[in-house]
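Let me begin by presenting the structure, written as structure tokens, before commenting on it.
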2 protein chains.
Amino acid sequence: MSQGVEWALHTCLNLSWLDAPVPTGTLAAFYELPPAYLNKQLQALARAGILTSTSGPRGGFQLARTPAAISLLDIVAAIEGPEELFQCDQILRKGPGEHAGVDYRQSCAFAQAMRGADLAWRRELAGKTVADVRADVERGHPEAPANTRARIVELR
Amino acid sequence: MSQGVEWALHTCLNLSWLDAPVPTGTLAAFYELPPAYLNKQLQALARAGILTSTSGPRGGFQLARTPAAISLLDIVAAIEGPEELFQCDQILRKGPGEHAGVDYRQSCAFAQAMRGADLAWRRELAGKTVADVRADVERGHPEAPANTRARIVELR
DNA sequence: GTAGTTCTACTCGGATAGTATCTGTCCGAGTGCGCCCGG
DNA sequence: CCGGGCGCACTCGGACAGATACTATCCGAGTAGAACTAC
């Protein structure tokens, strides 16, 4: 699974503590990440409607909706794409007893099982939002929001 | 997710209907797969203890244990490796408020959530065995075992 | 003093290289079977 | 006719290229703000 997912998750959490656009360079410096490559990931989040981007001075990225409306699945899907983990290539098409026109992505027992596991994974991710994670973090580290805000203005 | 997983799943199912070693070439011809590359996947299954391999004439691969003792997770893990889907690189190490020596793979809220989803996925896969899938297939297509056996001897 | 204009610096966005992993292929080591030879 | 030895064809196993996708970088288009000028 792509590296950018972790960057996107933590960056979204940080943005949830801020209410003004933050440029890529500042967000990258926060974790010492390559700025241009982080920018690429944030572009994907913007295309997915999770972030909004504003150009020019005082521009940058900010959350497009409330943290409670952003699930971890939204972020993962924005970076990794909407495809399932297991892609059925229907090799049964080449086997014996094949009925042309059958969609083995639906009828193959293995494809069904893999899809079931995929759905269980997605259900877990869809059930956790950025707001949930933020609450967990603030419970364990009440100073985190202030620290983050301070570091961001320090890096501007 | 790797292509070889689908090949491995279907090949294990086919082998569950047979009780003698089948060479890679025959198994590959069954679905018109590249023989040498399928061989590579079967080697991985053998290393994982799912198949046993015998060299020489009349050799090949066969299941190492009963189909009820082979879960889909076993096969997936043999091909893809034992790593989790999401790898936490602990970028928090580079952030503010960092306490040296903390293992963020354990304490980071995102890592915990991703691990939970991973476990849900694995639980689904571990709960389904090759024997289960075989029963499903035989229910829908009672002729499948005989067809498979016939095709295998035909391709020998 | 104020409004309009220009200029500049800053930001995103997509186009462009480098690298690791997945995909596919090849040849050598080992092995069991069948054949041949001798008794 | 029967037993032993030899040769051979077959199979796995790991070492070797090619293709795809991930990682990383750079430069141009657009924009908001500030500075400057004219009234």
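In what follows, chains carry the letters A, B, and so on, assigned in the order in which the sequence lines appear, proteins first and then strands, with residues in each chain numbered from 1.
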Item to complete: From the options D/dT23, C/dA9, D/dG13, select the nucleotide whose nearest atom is closest to the side chain of A/Q3.
Response: D/dT23
Practice prompt. When you get a sec, tell me which of C/dT23, C/dG14, C/dT31 is the closest nucleotide to the side chain of B/P57?
Written response: C/dT31
Practice prompt. Mind listing the residues from residues 33-41 of chain A sitting with a heavy atom below 4.0 Å of DNA chain C? Number order is fine.
Written response: A/N39, A/K40
Item to complete: Using whole Å, report how far CG of B/L42 lies from P of C/dG24.
Response: 14 Å
Item to complete: In whole angstrom, give the distance that lies between atom CD of A/Q87 and atom P of D/dT20.
Response: 16 Å
At less than 4.0 Å, is any side-chain N or O atom of [X] found next to OP1 or OP2 of [N]? Yes or no.
{"X": "B/R58", "N": "D/dC12", "result": "no"}
{"X": "B/S2", "N": "C/dT23", "result": "yes"}
{"X": "A/S53", "N": "C/dG13", "result": "yes"}

Worksheet item: Can you tell me how far the CD1 atom of B/I79 sits from the CH2 atom of B/W7, to the nearest 0.5 Å?
Response: 10.0 Å
Discussion item. I'd like to know if B/D136 and B/K128 make a salt bridge, using a cut-off of under 4.0 Å between side-chain N and carboxylate O.
Written reply: yes
Discussion item. My understanding is that only residues two or more places apart in sequence, or in another chain, count here; which of them pass salt bridge (Lys or Arg N to Asp or Glu O under 4.0 Å) with B/K40?
Written reply: none
Worksheet, complete the sentence: Assert: residue with more 5' nearest nucleotide on DNA chain D, out of A/W7 and B/G60, is B/G60
